[in-house]
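So you know, we letter chains A, B, ... as the sequences are listed, proteins then strands, and number each from 1. Bear in mind that the values here come from a model prediction, so they are computed numbers and not experimental data.
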Number of protein chains: 2
Amino acid sequence: MLKLTRKVEYALISLRHMQGKSTDSISSTKEIANHYNIPVEILAKTLQHMAKENIIEAINGPRGGYRIKAKLNKINLVEFFEKVEGPLGLSDCFYDANCMQIEFCNIRTPIQRINNNMINMFRSMSVQDITN
Amino acid sequence: MLKLTRKVEYALISLRHMQGKSTDSISSTKEIANHYNIPVEILAKTLQHMAKENIIEAINGPRGGYRIKAKLNKINLVEFFEKVEGPLGLSDCFYDANCMQIEFCNIRTPIQRINNNMINMFRSMSVQDITN
DNA sequence: TTATATCCGATAATTTTAGTCGGATATATT
DNA sequence: AATATATCCGACTAAAATTATCGGATATAA
């Protein structure tokens with residue numbers, strides 16, 4: 001409950017790794033996977049996904065890899081989590097109403113308050129707050 | 001990602017339900033399950049669990065059921081979540097170090113900061129903030 | 001005595017998350 | 001041009017977590 005997924009963790013690890021190097025230097029999937037003991041194939045997916053979201057940039061071919069493209073201090077953690085994992089919320093009913101309880105639910109409003117607190121907390125932090 | 005479990009939701013729904021009645025009145029599993037469209041058996045488990053944690057009190061036999069035992073304004077949400085679901089944390093590594101990455105992990109400290117923010121946020125709210 | 005309720009361990013089903021495989025495309029180097 | 005190394009990407013499988021079910025026990029009010 002209330003956990004980050006590995007995908008998000010791998011994404012953050014990769015960004016921090018890239019940020020530790022000079023701006024134009026390139027990191028390959030294999031390099032990152034080996035360094036942090038992450039399965040290559042799944043890391044590849046994650047990096048491709050971030051590339052599609054314009055967080056990083058892919059360079060094809062041998063000696064290729066990825067480098068940071070976006071301003072990480074301009075991406076807050078809600079944006080980041082949603083780009084990597086999809087919609088965020090303590091309960092599904094805040095973005096997808098398919099719930100058997102919803103008609104009688106007596107806690108939706110109070111939980112939504114907490115949800116807002118959580119969202120605001122994550123929104124107040126940027127990706128760079130983690131990768132720096 | 002970052003969701004409450006149904007168990008926690010069922011627990012909160014039940015508490016709010018009980019709190020809406022006079023202090024000594026008893027709510028049976030079946031009554032709550034029917035009212036909120038929750039599977040009886042799993043709700044039974046959840047209520048039994050809360051009884052064991054002394055949040056509610058079980059009354060056996062026919063016309064039995066449960067009623068609130070603890071002071072809900074004295075239980076903060078971290079305590080409550082941990083009583084119902086076990087240890088809380090954005091990543092397992094904050095309470096169970098069995099992680100392939102831990103030796104090389106470059107984001108553990110920053111994520112722990114966020115984790116603390118989240119924990120503090122939940123600690124600042126009581127169960128009663130939801131059930132009232 | 002009976003009916004109705006909690007109690008509780010074992011197990012099954014479902015959903016989500018994590019990881020694998022196969023083969024395509026792009027490009028630097030030789 | 002050939003080759004090696006990298007990304008790209010859909011389909012698939014596996015594992016783990018969550019959710020739900022089953023069977024039968026115990027407690028007690030009526």
Side-chain angles (χ1 to χ4, degrees), chain A residues 1-11 13-14 18 25-34 36-53 56-67 69 81 84-92 96 98-101, chain B residues 1-11 13-14 18 25-34 36-53 56-67 69 81 84-92 96 98-101:
Chain A
M1 192 180 77
L2 292 171
K3 289 219 187 344
L4 301 179
T5 59
R6 286 229 213 296
K7 214 153 102 185
V8 165
E9 290 179 353
Y10 294 162
I13 287 172
S14 302
M18 293 184 216
S25 93
I26 290 171
S27 308
S28 75
T29 304
K30 198 190 288 181
E31 168 191 333
I32 298 175
N34 287 343
Y36 299 98
N37 207 19
I38 300 171
V40 179
E41 303 285 354
I42 202 170
L43 181 63
K45 285 262 161 72
T46 304
L47 294 173
Q48 283 158 34
H49 187 165
M50 282 204 287
K52 225 179 240 173
E53 295 286 351
I56 58 180
E57 177 179 25
I59 289 94
N60 277 345
R63 316 203 42 185
Y66 298 89
R67 68 184 159 207
K69 187 176 177 190
F81 290 163
V84 175
E85 273 293 343
L88 206 60
L90 285 178
S91 299
D92 286 346
D96 164 19
N98 195 6
C99 168
M100 296 312 288
Q101 276 85 35
Chain B
M1 191 180 78
L2 291 170
K3 287 213 190 346
L4 301 177
T5 60
R6 287 228 211 297
K7 212 153 104 187
V8 165
E9 291 179 353
Y10 295 161
I13 286 173
S14 302
M18 293 183 216
S25 92
I26 290 171
S27 308
S28 76
T29 305
K30 200 191 285 182
E31 168 191 334
I32 299 176
N34 288 342
Y36 299 99
N37 207 19
I38 300 171
V40 178
E41 302 286 354
I42 200 169
L43 180 62
K45 284 265 159 70
T46 305
L47 295 173
Q48 283 158 33
H49 186 167
M50 281 204 289
K52 224 180 240 170
E53 296 286 351
I56 58 180
E57 177 179 22
I59 290 94
N60 276 346
R63 316 204 41 186
Y66 298 90
R67 66 184 162 209
K69 186 175 180 191
F81 290 163
V84 175
E85 273 294 343
L88 207 63
L90 284 178
S91 297
D92 286 346
D96 163 20
N98 194 7
C99 169
M100 295 313 288
Q101 276 85 37

| message | When you measure from the side-chain N and O atoms of Tyr10(B) to the phosphate of dT18(D), is any distance below 4.0 Å, counting only OP1 and OP2? | response | no
| query | Just to confirm, is there a sub-4.0 Å distance from OP1 or OP2 of dC7(C) to any side-chain nitrogen or oxygen of Tyr66(B)? | reply | yes
| field | Arg6(B) vs dT18(D): side-chain N/O to OP1/OP2 distance below 4.0 Å | value | no
| Taking only N and O in the side chain of Thr29(B), is any of them less than 4.0 Å away from OP1 or OP2 of dT6(C)? | yes
| request: Report yes if at least one side-chain N or O of Lys45(B) is closer than 4.0 Å to OP1 or OP2 of dA20(D); otherwise report no. | output: no
| field | Nearest-neighbour nucleotide for the Ile42(B) side chain, dT19(D), dT27(C), dA30(D) considered | value | dT19(D)
| query | Can you tell which of dT7(D), dA3(C), dC8(C) lies closest to the side chain of Asn60(A)? | reply | dT7(D)
| Which value, rounded to the nearest 0.5 Å, describes the distance between Ile56(A) atom CD1 and Ile26(A) atom CD1? | 11.5 Å
| Nearest-angstrom distance from the residue atom CG of Leu43(B) to P of dC7(C) | 12 Å
| remark: Correct closest heavy-atom pair for Leu2(B) and Leu90(B) would be CD2-CD2, 3.5 Å
| remark: Smallest heavy-atom separation, Arg67(A) atom then Ser25(A) atom, equals CB-O, 3.7 Å
| request: Would you mind classifying the nucleic acid contact of Leu47(A) as base, sugar-phosphate or nothing, using non-hydrogen atoms under 4.0 angstrom? | output: nothing
| Atom pair CD1 (Ile32(B)) and CG (Leu43(B)), whose distance is rounded to the nearest 0.5 Å | 6.0 Å
| query | Looking across every strand, which nucleic acid part, if any, lies under 4.0 Å from Lys52(B) by heavy atom: base, sugar-phosphate, or nothing? | reply | sugar-phosphate
| query | Quick one: which of dT27(C), dC21(C), dT6(C) gets closest to the side chain of Pro62(A)? | reply | dT27(C)
| query | So does Arg63(B) get a side-chain nitrogen or oxygen closer than 4.0 Å to the phosphate oxygens (OP1/OP2) of dT28(D)? | reply | no
| task | Heavy atoms only: give me the nearest Val84(B)-Met50(B) pair and the separation to one decimal. | result | CG2-CG, 4.4 Å
| request: Grab the CD-C1' distance between Glu53(B) and dC7(C) for me, whole Å please. | output: 16 Å
| request: By nearest nucleotide on DNA chain C, pick out whichever of Ala58(B) and Thr5(A) is the more 5' one. | output: Ala58(B)
| said: Should the side chain of Lys7(A) and the base of dG19(C) be counted as holding a donor-acceptor pair, with the cut-off at 3.5 Å? | reply: no
